[in-house]
Amino acid sequence: MARFNAVTDSVVPAVRVRAVNQRALRANAKYVLYWMIAARRTHDNYALDRALEYAKRLQKPLVVLEALRVAYPYASDRFHRFVIDGMADNAEAFQKAGITYYPYVEPEAGAGSGLLEALAKDAALVITDDFPCFFLPRMVAAAGKKLPVLLEAVDSNGVLPIRALDKACFRAFDFRRAVQKTFAEHWAERPASAPLSRLSMSKATLSREVRERWPSASADLLGGKPEALAALPIDHGVPVLSYRGGLRAARSTLTQFLDKKLERYEEDRNHPDKAATSGLSPYLHFGHLSAHRIIAGIAEREDWTPEALGTRARGERTGFWNMRPSAEAFMDQLLVWREVGLNYCAFNRDYSSFASLPTWSQKTLTEHKTDARPKLYTRAELEAARTYDPIWNAAQRELLREGRIHNYLRMLWGKKILEWSKTPEHALQTTIYLNDRYAVDGRDPNSYSGILWCFGRYDRAWGPVRPIFGTIRYMSSENTEKKLWLAQYLARYGDQPTLLE
DNA sequence: ATCGGCTCGCGCAA
DNA sequence: TGCGCGAAGCCGAT
């Protein structure tokens, strides 16, 4: 270990590693601890690579703690089920590799306090995930102060490290240019796709204190027994989804997308009836799937290698990747639109407020703050999908039932909330609440980009000046209905009573 | 069906 | 200083 320089000799790019505290590494401790909080997967994971690297250098076993608490904002059956599905998959993969994996689901608020510290007592150092959003940055900072050992946060969020640039971009165009300039070098430093294969690592023993005071998640919970979830003090008003979380489900969703949908992506993606969207966002949000894995799949289908990349980095939307148009359109979503959100959150703690909007949009919305609204709905009316607008109601019902809203309709959904709220600030609050509570990929940088876009972020002014919107880009249900194929969508999520309401 | 104007700010060329 | 251009729009003119 003496000659290992953790910065220059690591397989993980230094820009992805952040020392959260200045405590020492303890080479004589029992194991290396990976506290898995965002990249909840066993491959394509820089934090796991880093942890394995330390374990090998120090000749210690690796212990992985994947914890889920009950008192975090919006904890519900929906998100718990999704994360626990992932735990079951992770348990199997780590078991096969001979790594001590500790899935912990807190049975009551506060019960999990002290677990990380107790496990860290025997750790040479702790590695965790660096996620720039929600309560995670605060939680990691607090842990850094408490832990008696070195805590490193590793960024496995995207293909570009969140600190690849030194500031936030306020236009997608600028970020696209940065992606085009640097993709090749970052792609060359991708994480291991099968880090657990051919490992020979000794197994760690956890202290009796830990095993008795914080028993790992029960087989009932991991196995998906509804009673086990019902017993937890979480929001039972947000029901589980019809699709599973976890790595297996992520892989099959990806395969479906690549085999059946990618080819028609560009043409069909705006049409709700065409079912052309990837459905990958929930898996990306909870770290069950990596952008690297998706790109590898696209590259294979497109027979693509980085040599095909264009040399001009001018921020143009086509002609850079040199893939088929549909694949290029999807790459733009994945690399530019997903990662520009990560970039924003990484540099702005204030990523979701009205004050974070561009000056021009704050100004125009404020100027039209007192304009008459066609109708004002309460949050509860919106939540229950009870408006006069069938398209909006359908989108809201899709959110309630499926934990997502179709890409195109999500924009209209947000714009209408602005139209029906007494102030833009209230509208923003309501939109974020609904998305955070019900969307599987809520509480994600990506989601905040999408919502704040409706209020002007990453966008520009569009005339003519209209009531309420001012020069914010306007969208209407009438035009949406004319432009899109959505009859089946309306039938599926239409104004008929359902179990939820 | 397609086109320009509506309207704002940024980077870049000059 | 001027020019070109940008997530998905809308509307009226041709």
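Each chain gets a letter, A, B and so on, in the order its sequence line appears, and its residues count up from 1.
Residue pairs meeting the salt bridge (Lys or Arg N to Asp or Glu O under 4.0 Å) criterion with at least one member in residues 283-292 of chain A, sequence neighbours excluded, do not occur. The salt bridge (Lys or Arg N to Asp or Glu O under 4.0 Å) analysis of residues 267-294 of chain A, with sequence neighbours excluded, yields the pairs Asp44(A)-Arg293(A), Arg264(A)-Glu267(A), Arg264(A)-Asp268(A). Listed by first and then second residue, the salt bridge (Lys or Arg N to Asp or Glu O under 4.0 Å) pairs that reach into residues 462-491 of chain A are Asp459(A)-Arg473(A), sequence neighbours excluded.
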Can you give the dot-bracket line for DNA chain B, where a pair is Watson-Crick or G-U wobble with both atom distances under 3.5 Å, crossing pairs use [ ], and | marks a partner on another strand?
-> ||||||.||||||.
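Take Glu185(A) and apply the salt bridge (charged side-chain N to carboxylate O under 4.0 Å, His left out) test, not counting sequence neighbours, and it matches no residue. Listed by chain and number, the residues in a salt bridge (charged side-chain N to carboxylate O under 4.0 Å, His left out) with Asp259(A) are Arg301(A) (sequence neighbours excluded). Remark: Pro195(A) engages His43(A), Leu48(A), Asp49(A), Leu52(A), Ala192(A) in a side chain to side chain contact (heavy atoms under 4.5 Å, CB included) (not counting sequence neighbours). Every residue two or more places apart in sequence or in another chain that forms a salt bridge (charged side-chain N to carboxylate O under 4.0 Å, His left out) with Arg177(A) is listed here: Asp174(A). With sequence neighbours excluded, the residues satisfying salt bridge (charged side-chain N to carboxylate O under 4.0 Å, His left out) with Arg163(A) are Asp130(A).
Here Arg18(A) does not pair with Asp155(A) in a salt bridge; the nearest charged N to carboxylate O distance is not below 4.0 Å. Between Arg317(A) and Asp332(A) there is no salt bridge, since no side-chain N of the basic residue sits under 4.0 Å from a carboxylate O of the acidic one.
Comparing the P positions of dG9(C) and dC10(B) gives a spacing of 24 Å, expressed to the nearest Å. Of the P atoms belonging to dA7(C) and dC12(B), the separation is 15 Å, rounded to the nearest Å. For the P atoms, the distance linking dG12(C) with dT7(B) amounts to 15 Å, nearest Å.
Computed from coordinates, the Glu367(A) CD to dC8(B) C1' distance equals 13 Å when rounded to whole Å. In this structure, Glu316(A) atom CD and dC5(C) atom P are separated by 9 Å, rounded to whole Å.
In this structure a side-chain-to-backbone donor-acceptor pair under 3.5 Å is missing from Thr253(A) to Leu280(A).
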For nucleotides 9-14 of chain B, read 5' to 3', which letter fits each nucleotide if B means a protein heavy atom sits under 4.0 Å from the base, S means only the sugar-phosphate is that close, and - means neither?
-> BBS---
Reading nucleotides 8-14 of chain C from 5' to 3' and marking B where a protein heavy atom lies under 4.0 Å of the base, S where only the sugar-phosphate is that close, and - otherwise, the string is BBSS---
Test log, rule side chain to side chain donor-acceptor pair (under 3.5 Å), inputs Arg437(A) and Ser76(A) | CA-CA 8 Å; Arg437(A) 183 166 186 216; Ser76(A) 67; over 6 Å; no
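If you look at Tyr72(A) and Phe135(A), their ring centroids are closer than 6.0 Å.
Counting non-hydrogen atoms under 4.0 angstrom, Arg314(A) reaches nothing in the nucleic acid.
Near-neighbour residues of DNA chain B inside residues 416-425 of chain A, defined by a heavy atom below 4.0 Å, are absent.
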